[in-house]
Amino acid sequence: MTAETTQQNGQSSQVKASVLHGVKDLQIENRTLGLPEPSEVQVAVQATGLCGSDLHYFNHYRNGDIIVQEPITLGHESSGVVTEVGSSVTNLKVGDQVALECGLPCLECDLCKEGRYNICKALRFRSSAKSFPHFQGTLQERINHPTAYCHKLPSNVSLELGAILEPLGVAIHGSRRASLKTGSTVLIFGAGAVGLLCAAMSKVSGAKKIIIADIQGERVDFAVKNKFADGKIVVPMKRPQAIEEKLAFAKEVAEMVKDASGGEVDAVFECTGVESCLQAAIYSTRPGGRIMLIGMGSPIQTLPISAAALREVDLVGVFRYANTYEEAIKLVSSGNPLLPDLSKLITQRFKGFEDIPDAFAMAGRVKDDEEKLVLKVLIDTA
C-alpha cells in the first residue's frame with residue numbers, strides 16, 4: 001500500500017482508493033492517510049470528472065511518452081468537503097466545499113515567479129505519471145492537499161459544477177492566450193467537453209460568431225442546441241495518406257469553415273490534436289489570427305507552415321492552466337447570461353468505488369446504452 005502522507009503523532013486512518021495496476025486493471029485498496037500538514041486540509045473527495053488523460057492511462061497504462069512506473073490512482077477534476085484543517089490554516093474550515101487544483105508547482109523558479117506555474121519544470125500533478133514517485137490522484141475517499149490549492153465554493157455552486165472548474169480552467173487559460181477581441185469570429189475543432197468549454201469562454205469574451213467542428217454530428221448538434229456555438233460543421237470521415245491528399249482535404253475543410261463563418265476566422269481553438277484539424281485551422285485563419293494548440297494528439301505533424309508564417313498566423317501553445325480558479329468560480333456563480341449551462345456537460349453519473357471501472361468504460365464511448373451522447377462522465381465517491 002502507498003501512504004498518502006507520513007503518519008503524524010501516530011494518528012492515521014485507512015481510506016479507500018481506486019488504484020490502476022495495469023491496462024484496464026483497476027483495484028480497490030486501502031491506504032494509510034495521516035493528519036494534514038499545518039498548511040494542508042483534508043478533503044473528502046465527492047465529485048470527480050474523467051478526463052482524456054485518465055482514459056489514456058486506463059486503456060494503455062501510459063499517456064503518450066509518459067509510462068506508468070508504479071500503481072497509480074487517477075482523477076484530477078475534483079471537488080469535495082473539508083473534513084480536517086492543518087494547524088496554520090485560517091481561510092478554510094471543516095464543512096467547506098472546495099474545488100481541488102491538482103498541480104503543485106515549486107513556486108521558486110522564474111516561470112512560477114512570472115505566474116506561469118503551469119509550465120514549471122518541477123510541477124507535480126495528481127494522477128500524472130510524469131513525476132516519480134507518482135503524485136496520486138483524487139479517486140480516493142480523502143486526500144490531504146495544500147490549502148492554497150483548495151478553492152472554496154460559494155453556496156450556489158454545486159460540487160458537480162466544482163469538478164467542472166478544472167477543465168473550465170483550460171478554456172479560461174486558452175481564452176487568455178487567444179487575446180480575443182469583442183466581435184471576433186471563432187472556430188472550435190473538437191466538440192468534446194474542453195472544446196465546448198472553449199466555445200463557452202469565447203461567448204463570455206464577446207465573440208460574435210462561434211463555429212464548432214467535429215466528426216460526430218450529434219456533438220455539434222448538442223453545441224448549437226445548448227447555445228455553446230452559433231454554427232456547426234460535421235467534418236467528413238476521410239483518412240488521406242499522402243501529404244498532398246492531406247493538405248487538399250484540409251483546404252476542403254477550410255472552405256466549409258469559411259462558408260459557415262462568412263470568411264476566415266479570427267481565432268481557432270484546436271482541441272483534437274489531430275493533424276488534419278491543425279492543417280485546416282491554418283488555412284481557415286485570417287492573416288494576423290491565432291490558433292490555440294490545446295488538444296494532445298499526434299506529437300509529430302506535417303503542417304503547411306508557410307501558410308501560417310507568411311500571413312503571421314500565430315500557433316500558440318496552451319498547457320493546462322494557471323491562476324484560473326478564482327475567475328472560474330466568479331463566472332459560474334455570477335449568472336452571466338452569456339455563459340451556457342455548464343451542468344449539461346455532465347451526461348453520465350456513477351456512484352461509488354465499485355462502479356469506477358464502468359465509469360471509465362463509459363467515458364470511452366460516443367453514446368451510452370440509451371443512445372445518449374457521452375460528454376463528461378462524473379463519479380460520486382461520497
Side-chain angles (χ1 to χ4, degrees), residues 49 51-54 56 63-66 76-77 101-103 105 111-112 114-121 123 125 127-128 130 164-181 184-207 210-214 223 228-229 265-282 284-286 288-301 303 305 308 312-328 331 342 345 376:
C51 167
S53 63
D54 293 320
H56 279 291
N63 185 16
D65 294 334
I66 303 173
H76 57 266
E77 299 180 2
E101 182 175 357
C102 287
L111 287 167
C112 283
E114 293 169 8
R116 304 185 71 182
Y117 62 81
N118 57 308
I119 48 177
C120 166
K121 292 182 179 179
L123 182 136
F125 196 87
S127 79
S128 171
K130 187 174 183 180
I164 294 292
L165 298 184
E166 200 274 348
L168 178 59
V170 176
I172 290 173
H173 185 55
S175 181
R176 291 173 180 171
R177 299 275 284 160
S179 299
L180 288 178
K181 296 179 180 179
S184 296
T185 301
V186 174
L187 169 65
I188 313 286
F189 270 116
V194 170
L196 291 165
L197 288 166
C198 287
M201 282 309 303
S202 297
K203 286 249 182 188
V204 171
S205 300
I210 300 166
I211 307 299
I212 195 160
D214 199 286
F228 286 85
V265 300
D266 298 299
V268 181
F269 292 83
E270 205 302 289
C271 302
T272 70
V274 175
E275 181 184 59
S276 60
C277 292
L278 183 49
Q279 292 167 343
I282 291 173
S284 301
T285 306
R286 67 163 175 82
R290 285 190 170 190
I291 300 172
M292 307 309 112
L293 306 177
I294 298 176
M296 302 290 286
S298 305
I300 299 174
Q301 302 184 13
L303 304 176
I305 203 67
E312 295 191 354
V313 172
D314 295 339
L315 305 182
V316 182
V318 177
F319 183 66
R320 291 183 181 142
Y321 44 81
N323 301 304
T324 60
Y325 273 79
E326 182 179 353
E327 180 178 343
L331 179 61
L342 301 188
L345 296 178
K376 178 61 67 177

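Taking both residues in full, the closest heavy atoms of L345 and F228 are given as CD2-CZ, 3.9 Å, listed atom of the first, atom of the second, then distance. Taking both residues in full, the closest heavy atoms of V186 and S202 are given as CG1-OG, 3.7 Å, listed atom of the first, atom of the second, then distance. Closest non-hydrogen pair, S184 versus K181, comes out as OG-O, 2.6 Å. Contact between D214 and A191 at its shortest, heavy atoms only, is OD2-N, 2.8 Å. Among all heavy-atom pairs drawn from Q301 and L278, the shortest one is OE1-CD2, 3.5 Å. Across A223 and I212, no two heavy atoms sit closer than the pair CB-CG2, 3.7 Å.
Between M201 and C198, the closest side-chain pair of non-hydrogen atoms is not below 4.5 Å. Counting heavy atoms from C-beta outward, F125 and R320 have side chains that approach closer than 4.5 Å. The shortest side-chain heavy-atom distance between I172 and Y321 does not fall under the 4.5 Å cut-off. Taking 4.5 Å as the limit, some side-chain heavy atom of L331 sits within range of a side-chain heavy atom of V204.
Here the CE atom belonging to M292 is positioned 10.0 Å from the CD1 atom belonging to I188, to the nearest 0.5 angstrom. To the nearest 0.5 Å, the span separating CD1 on I119 from CZ on F319 amounts to 9.0 Å. To the nearest 0.5 Å, atoms CZ (R290) and CG (D266) are separated by 12.0 Å. Note that CG of L303 and CD of E275 are 6.5 Å apart. Values are rounded to the nearest 0.5 Å. The distance from atom CD of E101 to atom NE2 of H76, rounded to the nearest 0.5 Å, is 12.0 Å. Between atom OG1 of residue T285 and atom CG of residue D314 there is a gap of 10.0 Å, rounded to the nearest 0.5 Å.
With hydrogens and angles ignored, the 3.5 Å screen pairs no side-chain donor or acceptor of R116 with any backbone N or O of A322.
Crowding of R176 atom CZ: a count of heavy atoms from other residues, nucleotides or ligands under 6.0 Å exceeding 12.
Between the side chains of T324 and H173, not a single donor N or O lies within less than 3.5 Å of an accepting N or O.
Checking each of I294, V194, N118 against V318 for a side chain to side chain contact (heavy atoms under 4.5 Å, CB included) leaves exactly one that passes, namely I294.
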